[in-house]
Amino acid sequence: MITYSIKNILNISYPLMLAMLIQVLVGMTDVAFLGRVGEIELGASALGGVIYLFVFMIEQSFAVGAQIIMARRNGEKNHKKIGHVFYQTTNFILILSLLSIVFFYLLSPNILDYIIEDRSVRIAILIYLLPRCWGLIFVGIKTVFRAFFVAINSTRAIFISSLIMLFSNFVFDYWFIFGGLGIKPMGLAGAAVASVVAEGLTLLYFIFYLFIKTNVKKYGFHKFLLWKQSLFNNILRLSIWIMIQNFVGWGAWLYFFIEIEKLGANALAISNILRSISSIPFVIAQALSVVISSIISNLIGAGKDHEVLPTISRTIKFGAIPYYLCFVFMICFPELLLRIYTNNVNLIEQAVKPFYAMLIPYALALPSMIYFYAICGTGKTKIALLVEVLSSVVYITAIRLIVAEFNMGLMWSWTSEVCYYLAMLPISYWYMRRKRWCCEII
């Protein structure tokens, strides 16, 4: 493919966008059900979820590095090497998942004692995290499947798998949280168990789709690769910087919630709701960012470096329409969205002002993320790390000043993220325009 038109970008991105939207609905289901259990459970699931994602993002980083390489091989028409990258990545992520589970059981209680002030919140987080961490095995391997399908510009399977995730998570969430059919109500732990079961089912679908619907010989899946050190080193060379980048980025996000927890269980519960709602516009930006990373790697692999910047511009223009229409809807109907998560009238009233404050930084998220992920797609992951570190330092400084030093309250706390995107956008834009990334070999 010589040029990625808006139609091409749409065909690749809309299944992924719908899949990510469904993932948001999965999160909304958890929050909506737990919002009817109690404020502590709702707040604990927020912190527990961020801690879980913090560890999961290390796994996903390795898959992102593999995706860049698989997309490059796809652009080069060197398809048989893709299966080798897939197997190598899967084996490593499986080992990493098992080590992460050991970490959760042995170290998380001591770490939580250090960072969480409220004892009841600490206990609730452990109730959620210990069963939830077993899902790292399933969700980690799922990221490799997603990386493969995005790399070859075939995202339909991702959309269908997300539908399975949504339906199964909804059913098991309700069943395990509230009980029924011989199952006693499990409350917060039920939400964790339901997610693990749903993730296992979607992984089974991916395996089925790969070996039944995909040309396994074309992509080299018929020859299983247990371990190849040189290939592992090549993936790690890209991924290690993405791992550190995500460690820094999600560490800043975790720090935000740790500071919010000090404002009380009520503020933490509201922040969990806002976190879930903010995922709605974020889905569009995230999906297009993942797609642009893969497209750019494909273009460079095909020797079409000159198409990179025009493709980025087309992607931003295409994404701006649904992205900002979503914003208009959210501005017009805040209480409608908040009522999905809780029937507590006082909580809804207190959440309205922070809700509007949350929208301010996300106005910049679309162009910021697309240009940032474009850097990753070129293979310049060290540069992406430097951008992430600088943006996160600015963000953490803003959190520290707004929440801890000046105690400006929950509403102003949610505006702190605007500093993150204000730092990320101009640096990413400037770097891509300089074209120092041309012909990067990976």
Side-chain angles (χ1 to χ4, degrees), residues 4 9 12-13 16-17 20 53 57-58 60-65 67-68 71-72 143 147 150-151 238-253 256 278-279 281-300 305 308-320 323 361-396 398 416-438 440 442:
Y4 281 89
I9 296 167
I12 299 168
S13 63
L16 185 61
M17 204 177 295
M20 289 184 172
L53 287 171
M57 280 299 165
I58 299 173
Q60 189 183 50
S61 301
F62 197 77
V64 171
Q67 177 186 308
I68 294 170
R72 187 67 58 88
T143 61
V150 172
L238 284 175
S239 302
I240 188 66
W241 307 112
I242 302 173
M243 286 181 185
I244 300 171
Q245 167 203 315
N246 281 325
F247 183 86
V248 172
W250 280 90
W253 189 228
F256 172 79
S278 69
S279 301
F282 191 77
V283 158
I284 300 171
Q286 179 74 11
L288 291 172
S289 300
V290 171
V291 167
I292 200 66
S293 176
S294 179
I295 286 176
I296 286 172
S297 195
N298 270 280
L299 285 171
I300 296 174
D305 298 44
V308 168
L309 292 178
T311 302
I312 293 173
S313 297
R314 281 192 291 271
T315 304
I316 293 174
K317 290 174 184 176
F318 159 69
Y323 187 77
Y362 283 97
L364 295 172
L366 179 70
S368 300
M369 291 178 62
I370 287 176
Y371 270 104
F372 176 73
Y373 271 74
I375 297 173
C376 296
T378 66
K380 293 286 189 178
T381 51
K382 281 186 183 180
I383 301 297
L385 170 62
L386 291 174
V387 176
E388 180 67 65
V389 168
L390 180 59
S391 304
S392 295
V393 167
V394 173
Y395 177 43
I396 290 171
S416 58
E417 201 164 350
V418 73
C419 300
Y420 177 79
Y421 293 117
L422 279 174
M424 176 179 286
L425 178 58
I427 301 172
S428 301
Y429 177 85
W430 171 78
Y431 181 79
M432 289 304 298
R433 291 287 168 177
R434 288 186 69 200
K435 298 185 180 180
R436 291 289 184 90
W437 42 265
C438 289
E440 173 73 3
I442 60 174

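The minimum heavy-atom distance linking S293 with C376 is given by the pair OG-C, 4.2 Å. A384 and I375 make their closest contact through N-CG2, 3.8 Å (heavy atoms, listed as atom of the first residue, atom of the second, distance). Nearest heavy-atom pair across V387 and S428 is CG1-OG, 3.7 Å. In terms of heavy-atom proximity, I296 sits nearest to A374 at CD1-CB, 3.4 Å. Across all non-hydrogen atoms, the minimal contact from Y373 to S289 is CB-O, 3.4 Å. The shortest heavy-atom contact between T143 and A63 is OG1-CB, 3.6 Å.
To the nearest 0.5 Å, atoms CZ (F318) and CD1 (I370) are separated by 9.5 Å. For the atom pair CH2 of W241 and OG of S61, the computed distance is 13.0 Å after rounding to the nearest 0.5 Å. Here T315 contributes atom OG1 and I295 contributes atom CD1; the two are 5.5 Å apart, rounded to the nearest 0.5 Å. Interatomic distance, CD of E388 versus CD1 of I244, reported as 11.5 Å (0.5 Å rounding). Between L364 atom CG and L425 atom CG the span is 6.5 Å, to the nearest 0.5 Å. Taken from CG in L299 to CZ in R72, the straight-line distance is 10.0 Å, to the nearest 0.5 Å.
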Margin query: Does V290 form a side chain to side chain contact (heavy atoms under 4.5 Å, CB included) with Q67? I'd like the steps, not just the answer.
Written below: CA-CA 10 Å; V290 171; Q67 177 186 308; 4.1 Å; yes
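Put simply, the side chain of Y362 reaches to within 4.5 Å of the side chain of E417, judged on heavy atoms. Within the 4.5 Å cutoff, the side chain of T378 has heavy atoms near those of the M432 side chain. At a threshold of 4.5 Å between non-hydrogen side-chain atoms, the residues Y431 and Y371 do not count as touching.
The aromatic rings of F256 and Y395 lie parallel to each other, their planes meeting at an angle below 30°, with 60° marking the opposite boundary.
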